[in-house]
Amino acid sequence: MNLFTDFENRIKNALETIDLVKEKRSEVDFDRLTVEPPRDQSHGDVATNAAMVLAKPLGTSPRALADVIAGALKSDPDITEVSVAGPGFINIRLSKGYWQRLLSAMLQQGTGYGRSQVGAGRKANVEYVSANPTGPMHVGHCRGAVVGDALANLMGFAGYEVTKEYYINDAGSQIDVLARSVFLRYREALGEDVGAIPSGLYPGDYLVPVGQALAEEYGTRLHNMPDEDWMPIVKEKAIDAMMAMIREDLEALNVHHDVFFSERTLHVNGAQRIRTAINDLTFKGHVYRGTLPPPKGQLPEDWEDREQTLFRSTEVGDDIDRPLIKSDGSYTYFAADVAYFKDKYDRGYDEMIYVLGADHGGYVKRLEALARAVSEGKVKLTVLLCQLVKLYRNGEPVKMSKRSGDFITLREVVDEVGSDSVRFMMLYRKSSEPLDFDFAKVTEQSKDNPVFYVQYAHARCMSVFRQAREAFPDMDTDSLDLAGAASLIEDPAELQLVGKLAEFPRIIEAAALAQEPHRLAFYIYDLASFFHAHWNKGKEQPELRFINDKNRELSVARLGLVRAVASVLQSGLAITGTAAPEEMR
RNA sequence: GGUCCCAUAGCUCAGCAGGAUAGAGCGCAGGAUUCCUAAUCCUGAGGCCGAUGGUUCGAAUCCAUCUGGGAUCACCA
């Protein structure tokens, strides 16, 4: 039950009864009509812009129309007051009974409250992380990992059928470099003094155990093989080891993918799947052989004008056509992406979401072009660009260089500050906004971290139930008819809390449609704030406290309110991927 | 030079597919604990929403231009 869609329907029904609307029914549409919580609570519980939106097509003034609409709404028994304000807003105040029934309905739905069908079962694929399997995940991967994971959770809650996917870039030259780096560690493990790791290879210690494992398994046999023979063996081993490490890192951050898709599988059998995908594009008329204009701005020194196989992406919205096959006959990275996209398309997704770092901004247009060309406009592809995270320690920026192996890993951050803190920090900001992540702030002053604030609210809810069992030793708090007791909730402060809970479904839908999980993080913070405020009112006004050992009925009703708050907090925290603790001491 | 993101309180940021008097946290000043965990709450000070035009009954929000920050530009992956 969604208060706002409920009243949207009621307002539209009321409009249909108005003569002026009936007369010009074909000329007006209700699309721009909104029903929302007023900015200022003193205005009422629900506000609509109906009169302002419809006045013009109906040839009347907003205030006059508002009065008529207000009159039509007055007969609704759940509405206690309708007023017209400002330029023509209609403010509606709801009856106690309505709030009580709303609370009752929330409790009946339990943890299902807030679930939505706006996704309408559409199949969505959210691809995120997709870190190269050449080393442990570093802190830069954090944000995309968390945002992607939370977005997928959110969309699932909003009625999409979601697949969480990881694209393993296990083909290409960086894997050759990885293999050579591991091979060096292998020789080292055999006792050879390899000296310093040459530049151009990955110097990290994390490759040492991989080399040792190879030494144990193969002894000196690899050493005596020509490159082309040991290469595939070492690659295989290295990729498996790196992916195992990455999966552990993801696990530590509470990120779980459904599908790990290997780029290599596109290249097997003479790159059969890439060829098929390019053929498909060719068949649809998007491929030609030709040359590209030289890059604008600084001309690279080794620029040569060569004929290549190109994707005519400019016809589907791109700035420049994109090469599919290099002049040496091998496929570009993008060619593999074409095949990968086609694979997803063939798996039947209606929506594809790529969560990428801001440094991949230049890739967006060609992906969109690709989606248009392959799916002929049927697939909705969106790229969520996460701006970069700047890391600070004690106020000083932390410098990182992957080349020197001197970087902070995701694991280090999670181990130091905890997965909940990291996740909430990453979500407590619009993803298109750069983010400063200060270790000192998140660890030493952990009270400042908003996740604790929300979790504390949940722990307090649980504490109320513990208190109830103490006050009423014979009470079985698990089997109470909380929904049935909601009619005793009538204090304005309590109803206000119900009003906040009523916003939850609306937030879920808006956040899912806008693909902005941060909105949910802000909402549960806000809800926690309402709850803390109400809790503290019990100090000044003991009659407002949840547990009243002289009034069992009222206590049960208020337990219902607490249950509803806890339930929404749980749902919200679950979507952000953070814990809802029973207590925090 | 092209493209993308950003500019809102001293600092860090929200602002819901244009709406009423622009919000929160931190910091600052003051207050609340014989009472369900004070990891909480309450009160106050603090703003020309980067600039200029435009669309509209109405703009922090949409459009254009400009300024100032960040990212990116390839037969790389």
Side-chain angles (χ1 to χ4, degrees), chain A residues 32 34 36-40 43 47 49 52-53 55-56 61-62 85-89 91 132 134 169 171-175 263 292 295-298 300 302-304 306 308-309 319-320 322-328 330-334 336-337 357-365 383 385-388 390 428-436 438 441 445-450 452-453 455-457 459-460 463-468 470-471 503 506-507 510-511 513-514 516 518-519 522-523 525-526 528-529 531-540 542 545-547 562 583-585:
Chain A
R32 292 177 56 216
T34 62
E36 54 197 348
R39 178 166 296 175
D40 191 330
H43 293 142
N49 65 355
M52 291 180 288
V53 174
K56 203 170 190 178
S61 79
F89 281 101
N91 291 321
N132 283 349
T134 55
N169 293 131
S173 59
Q174 86 281 8
I175 297 299
E263 184 188 353
L292 285 175
K296 298 212 167 82
Q298 279 192 329
D302 56 351
W303 168 258
E304 280 182 65
R306 283 184 179 158
Q308 306 153 53
T309 300
D319 298 326
I320 189 168
R322 305 291 176 175
L324 295 167
I325 302 176
K326 303 179 202 170
S327 53
D328 68 358
S330 64
Y331 294 102
T332 61
Y333 177 81
F334 183 65
D337 246 10
D359 52 342
H360 289 74
Y363 212 67
V364 175
K365 285 198 175 177
V383 179
L385 282 185
C386 293
Q387 292 299 312
L388 302 181
K390 268 186 239 162
Y428 205 59
R429 187 123 317 171
K430 202 166 36 179
S431 52
S432 56
E433 189 92 12
L435 179 114
D436 293 340
D438 192 326
K441 272 193 179 155
Q445 307 168 20
S446 61
K447 290 171 200 167
D448 292 342
N449 190 319
F452 293 109
Y453 184 87
Q455 289 179 326
Y456 184 43
R460 272 184 157 174
S463 142
V464 174
F465 277 86
R466 288 193 291 272
Q467 291 295 328
E470 264 182 43
E503 290 177 23
R506 181 183 151 81
I507 297 289
L513 290 174
E516 293 183 346
H518 76 275
R519 289 194 202 178
F522 279 93
Y523 169 76
Y525 182 90
D526 208 25
S529 170
F531 182 74
H532 286 311
H534 189 252
W535 173 291
N536 277 67
K537 275 196 183 123
K539 293 183 176 179
E540 304 260 315
R545 297 171 62 141
F546 298 114
I547 307 300
V562 174
E583 58 179 337
M584 296 170 76
R585 285 185 187 275

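Below, chains carry the letters A, B, ... as their sequence lines are ordered, and counting in each starts from 1.
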Any side-chain donor-acceptor pair under 3.5 Å between Tyr333(A) and Asn169(A)? yes
Taking only the C1' atom of each, what is the distance from rC62(B) to rC73(B) in whole angstrom? 29 Å
Is atom NZ of Lys326(A) surrounded by more than 12 heavy atoms (other residues, nucleotides or ligands) closer than 6.0 Å? yes
Reading nucleotides 57-64 of chain B from 5' to 3' and marking B where a protein heavy atom lies under 4.0 Å of the base, S where only the sugar-phosphate is that close, and - otherwise, the string is SB-B----
Return the value, rounded to whole Å, for the distance between atom CG of Asn49(A) and atom P of rU56(B). 19 Å
Within the sub-3.5 Å range, which N or O atoms of nucleotides 41-48 of chain B have a protein N or O partner, and how far apart are they?
| residue | atom | partner | partner atom | Å |
| --- | --- | --- | --- | --- |
| rC41(B) | OP1 | Tyr453(A) | OH | 2.2 |
| rC41(B) | O4' | Asn536(A) | OD1 | 3.4 |
| rC41(B) | O4' | Asn536(A) | ND2 | 3.2 |

Please report the interatomic distance CG(Leu388(A)) to CD(Glu433(A)), rounded to the nearest 0.5 Å. 12.5 Å
Looking at every non-hydrogen atom in both residues, tell me the closest pair between Arg466(A) and Ala459(A) and how far apart they are. NH2-O, 4.0 Å
When you measure from the side-chain N and O atoms of Arg429(A) to the phosphate of rC13(B), is any distance below 4.0 Å, counting only OP1 and OP2? yes
Contacts of Ser431(A) and Gly172(A) projected onto RNA chain B by closest heavy atom; the upstream (5') one is Ser431(A)
Is there a Watson-Crick or G-U wobble partner for rC26(B) with both distances under 3.5 Å, and which nucleotide is it? rG10(B)
Taking only the C1' atom of each, what is the distance from rU3(B) to rA74(B) in whole angstrom? 15 Å
Gap between atom OH of Tyr523(A) and atom CZ of Arg506(A) - 0.5 Å precision: 11.5 Å
Tell me what Ala47(A) touches on the nucleic acid: a base, only sugar-phosphate, or nothing, going by heavy atoms under 4.0 Å. base
Is the backbone of Tyr456(A) close enough, under 3.5 Å, to the side chain of His532(A) for a donor and an acceptor to pair up by distance? no
Just checking Arg519(A): base, sugar-phosphate only, or nothing, at a heavy-atom cut-off of under 4.0 Å? sugar-phosphate
Applying a 4.0 Å non-hydrogen cut-off, can you work out what Thr332(A) is touching in the nucleic acid: base, sugar-phosphate, or nothing? sugar-phosphate
So what does Tyr456(A) touch, heavy atoms closer than 4.0 Å: a base, only the sugar-phosphate, or nothing? base
If you look at every strand shown and take non-hydrogen atoms under 4.0 Å, does Tyr363(A) touch a base, only sugar-phosphate, or nothing? base
Sort out the partner of rU65(B) for me: Watson-Crick or G-U wobble, both distances under 3.5 Å, none otherwise. rA51(B)
Taking pairing as Watson-Crick or G-U wobble with both contacts under 3.5 Å, can you name the mate of rA17(B), or confirm there isn't one? none
Give me the distance, rounded to whole Å, that separates rG10(B) from rG58(B) when you measure between the P atoms they each carry. 30 Å
Which value, in whole Å, describes the distance between the P atoms of nucleotides rU33(B) and rC16(B)? 39 Å
Does the side chain of Lys390(A) come within less than 4.5 Å of Pro434(A)'s, by heavy atoms? no
P atom, rC57(B) versus rC13(B): distance in rounded Å? 37 Å
Separation between OH of Tyr525(A) and NE2 of His518(A), rounded to the nearest 0.5 Å: 15.5 Å
Partner of rU3(B) under the Watson-Crick or G-U wobble criteria, both distances under 3.5 Å, comes out as rA71(B)
Give the nucleotide from the list rC75(B), rA39(B), rA38(B) with an atom nearest to the side chain of Met584(A). rA39(B)
Relative to the 5' end of RNA chain B, which residue comes earlier, His360(A) or Arg322(A), by the nucleotide with the nearest heavy atom? Arg322(A)
Mind checking who rC76(B) pairs with, Watson-Crick or G-U wobble, both distances under 3.5 Å? none
Tell me what Asn91(A) touches on the nucleic acid: a base, only sugar-phosphate, or nothing, going by heavy atoms under 4.0 Å. base
Could you tell me whether the side chain of Trp535(A) reaches within less than 4.5 Å of the side chain of Val464(A), counting heavy atoms only? yes
What does nucleotides 3-9 of chain B look like as a protein-contact string, B for base, S for sugar-phosphate only, - for none, at under 4.0 angstrom between heavy atoms? SSSS---
Mind checking Ala55(A) for me? I need base, sugar-phosphate or nothing, with any heavy atom below 4.0 Å counting as a touch. nothing
Span that lies between the C1' atom of rU61(B) and that of rC42(B), in whole angstrom: 32 Å
Assigned partner base of rU56(B), Watson-Crick or wobble definition, under 3.5 Å: none
Within the 4.0 Å heavy-atom criterion, would you say Leu388(A) contacts the bases, only the backbone, or no part of the nucleic acid? sugar-phosphate
Is the distance from OP1 or OP2 of rU37(B) to the nearest side-chain N or O of Trp535(A) less than 4.0 Å? no
A quick test of your reading: do over 12 heavy atoms of other residues, nucleotides or ligands sit less than 6.0 Å from CD of Glu540(A)? no
Regarding Ala85(A), tell me which of base, sugar-phosphate or nothing describes its non-hydrogen contacts under 4.0 Å with the strands shown. base
For rA39(B), give the paired nucleotide (Watson-Crick: N1-N3 plus N6-O4 or O6-N4; G-U: N1-O2 and O6-N3; both under 3.5 Å), or none. none
Say you draw a straight line from CE of Met584(A) to OG of Ser463(A); how long is it, rounded to the nearest 0.5 Å? 13.0 Å
Within the structure provided, determine whether Leu324(A) and Tyr331(A) are in side-chain contact (heavy-atom separation under 4.5 Å). no
If you measure from CZ on Arg460(A) to NE2 on His534(A), what distance do you get to the nearest 0.5 Å? 12.5 Å
For Glu583(A), which contact category applies under a 4.0 Å heavy-atom criterion: base, sugar-phosphate, or nothing? base
Kindly state whether the ring of Phe546(A) and the ring of Phe531(A) have centres lying under 6.0 angstrom apart. yes
Under a 3.5 Å limit for both distances, which nucleotide forms a Watson-Crick or G-U wobble pair with rG46(B), could you say? none
Using the C1' atom as the reference point in each nucleotide, state the distance between rA22(B) and rA59(B) in Å, no decimals. 12 Å
Separation between the P atoms of rC26(B) and rA64(B), rounded to whole Å: 39 Å
